[in-house]
A.B. asks: 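What follows is a single structure, and I will ask about it in a moment.
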Amino acid sequence: MATVPGLELLSEHACFGGVQRYYQHASSVIGLPMRFSVFLPPQAQQHAVPAVMYLAGLTCNEETFMAKAGAQRVAAELGLALIAPDTSPRGAGVPGEAESWDFGVGAGFYLDATQAPWAQHYRMESYLLKEFLPLVGEHLPIDVNQLGLFGHSMGGHGALTLALRHPTRFKSLSAFAPICAPTQCPWGHKAFAGYLGEDRTAWAAHDASALMGQRSAPLLAQGILVDQGLADKFLEVQLHPHLFEAACAKAGQPLMLRRHAGYDHGYYFISTFMENHLRHHAQGLGLAA
Ligand SMILES: N[C@@H](CCC(=O)N[C@@H](CSC=O)C(=O)NCC(=O)O)C(=O)O
């Protein structure tokens with residue numbers, strides 16, 4: 001196996017002419033070891049390639065997307081790298097951090113906590129933007145200036161909010177069944193109260209619908225692709241795509257919100273529409289889609 005300075009290669013698997021790898025590294029932002037996965041297409045043997053970063057949902061880790069979403073075949077065809085970080089710090093030792101599946105371990109919500117005892121380690125936004133992406137760009141044949149962003153559920157929230165909070169960082173954006181208005185749903189209330197505190201004025205800065213609603217111009221001329229299953233058990237109470245749809249309309253942001261009868265919240269749904277998302281990102285990143 002190839003060794004890369006600063007990264008511990010945990011495993012490596014040949015895949016569609018490219019390679020699927022799992023890494024661990026010491027994160028100074030999180031203050032703990034962090035794991036991530038990367039798929040390098042065959043083209044990465046010749047030159048640095050564009051990439052899409054996928055943010056997974058509640059209870060997931062760095063392996064979920066790579067093992068379940070079926071993205072590698074089309075990514076190999078397009079010459080697109082795939083990168084997937086973990087969904088939270090692990091081993092922080094915060095009392096109760098593993099007691100519920102929708103807060104704490106596996107549920108970092110892709111933000112920097114401001115409240116004790118979470119603020120010391122639960123810093124996923126700074127980790128991704130200031131440490132993880134630079135690390136990937138430095139050590140792997142990936143052009144991190146040519147980046148797309150997508151995610152699922154909590155990770156869909158992460159994708160939409162990080163793209164809106166860092167408007168020049170990502171060149172294409174999509175989501176599967178994202179939490180579109182966390183200030184207005186139980187998952188968001190629980191996470192934001194814990195990580196950001198009870199003062200709700202701080203919450204809107206991490207709410208995709210609120211952030212989009214504040215814009216007077218589109219974020220991405222290409223448009224944002226969102227797929228949502230209509231048999232999703234979380235749709236009614238937790239996801240609220242209609243609020244993001246209204247915010248995009250107000251901001252003049254093109255949105256391809258596709259509602260699919262019969263599809264639920266899981267990876268059978270995600271894998272069904274994965275190719276559409278990868279081609280959307282390839283197009284946004286200037287690859288032949
Ligand atoms: N344990 C929960 C279900 C948890 C769940 O459905 N997680 C989703 C993401 S939900 C929003 O972020 C997921 O992606 N799970 C991984 C999978 O392989 O499906 C329950 O009891 O309902």
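All residue numbers refer to positions in the sequence shown, counting from 1. Just so you know, ligand 1 is whichever comes first in the structure, and atom 1 is the first atom listed for that ligand. Worth saying up front: this structure is predicted, and the values here are computed from it rather than measured.
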A.B. asks: Is there a donor-acceptor contact under 3.5 Å from the side chain of Q222 to the main chain of S172?
C.D. replies: no
A.B. asks: How would you list, by chain and number, every residue that makes a ring-ring contact (aromatic ring centres under 6.0 Å, His included) with H265, sequence neighbours excluded?
C.D. replies: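 Result, ring-ring contact (aromatic ring centres under 6.0 Å, His included) vs H265: H152, F234.
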A.B. asks: Are F150 and F65 close enough that their ring centres sit under 6.0 Å apart?
C.D. replies: yes
A.B. asks: For the residue pair Y195 and H206, is the inter-centroid distance of their aromatic rings smaller than 6.0 Å?
C.D. replies: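 For Y195 and H206, the ring centres are not under 6.0 Å apart.
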A.B. asks: With backbone taken as N, CA, C and O and side chain as the heavy atoms from C-beta onward, which portion of K233 lies under 4.0 Å from ligand 1: side chain, backbone, both, or neither?
C.D. replies: side chain
A.B. asks: For H265, take its heavy atoms, then give the atoms of ligand 1 lying under 4.0 Å from any of them.
C.D. replies: 10 (S), 11 (C)
A.B. asks: In ligand 1, which numbered atoms sit nearer than 4.0 Å to a non-hydrogen atom of H152?
C.D. replies: 9 (C), 14 (O)
A.B. asks: What about M154: any of its N or O atoms under 3.5 Å from an N or O on ligand 1?
C.D. replies: yes
A.B. asks: For the residue pair F132 and F36, is the inter-centroid distance of their aromatic rings smaller than 6.0 Å?
C.D. replies: yes
A.B. asks: My understanding is that we take every heavy atom of each candidate and find the minimum distance to atom 7 (N) of ligand 1. Doing that for I270, D232, D102, L58, which one comes out nearest?
C.D. replies: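 Considering heavy atoms of I270, D232, D102, L58, the nearest to atom 7 (N) of ligand 1 sits in L58.
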A.B. asks: Are the aromatic ring centres of H157 and Y110 under 6.0 angstrom apart?
C.D. replies: no
A.B. asks: Which protein non-hydrogen atom lies closest to atom 6 (O) of ligand 1, naming both residue and atom, and how far is it?
C.D. replies: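 Answer for atom 6 (O) of ligand 1: F234 CE1, 3.9 Å.
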A.B. asks: Any heavy atom of Q238 sitting closer than 4.0 Å to ligand 1?
C.D. replies: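 No heavy atom of Q238 comes that close to ligand 1.
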A.B. asks: Which heavy atom of the protein is the closest neighbour of atom 18 (O) of ligand 1, given with residue, atom name and distance?
C.D. replies: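 Going atom by atom, the protein heavy atom closest to atom 18 (O) of ligand 1 ends up being K68 NZ, 2.3 Å.
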A.B. asks: When you measure from atom 19 (O) of ligand 1 to every protein heavy atom, which one gives the shortest distance, and what is it?
C.D. replies: Y267 CD1, 3.9 Å
A.B. asks: Checking a contact table here: which protein heavy atom is nearest atom 1 (N) of ligand 1, and how many Å away?
C.D. replies: W101 CD2, 3.7 Å
A.B. asks: Check for me whether G266 has a heavy atom closer than 4.0 Å to any atom of ligand 1.
C.D. replies: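 For ligand 1, residue contact (heavy atoms, under 4.0 Å) with G266 is absent.
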A.B. asks: For atom 13 (C) of ligand 1, find the nearest protein heavy atom and state the residue, atom name and distance (0.1 Å precision).
C.D. replies: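 Result: C60 SG, 3.6 Å.
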A.B. asks: Is the shortest side-chain N to carboxylate O distance from E125 to K130 below 4.0 Å?
C.D. replies: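 Salt bridge flag = no for K130 with E125.
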A.B. asks: Tell me if the aromatic rings of W118 and F103 count as close, with their centers under 6.0 Å from one another.
C.D. replies: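 Aromatic pair counts; centres sit under 6.0 Å.
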A.B. asks: Atoms of ligand 1 less than 4.0 Å from T59 heavy atoms?
C.D. replies: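 Heavy-atom distances to T59 below 4.0 Å select 4 (C), 7 (N), 15 (N).
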A.B. asks: Which option, A56, G106, S153, owns the non-hydrogen atom nearest atom 12 (O) of ligand 1?
C.D. replies: S153
A.B. asks: Which atoms of ligand 1 are found less than 4.0 Å from any heavy atom of W187?
C.D. replies: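 Here the atoms of ligand 1 in question are 10 (S), 11 (C).
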A.B. asks: Indicate, with yes or no, if the rings of Y268 and Y263 have centres closer together than 6.0 Å.
C.D. replies: no
A.B. asks: Rounded to the nearest 0.5 Å, what separation is found between the CG atom of L243 and the OG atom of S209?
C.D. replies: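 Going from the CG atom of L243 to the OG atom of S209 covers 5.0 Å.
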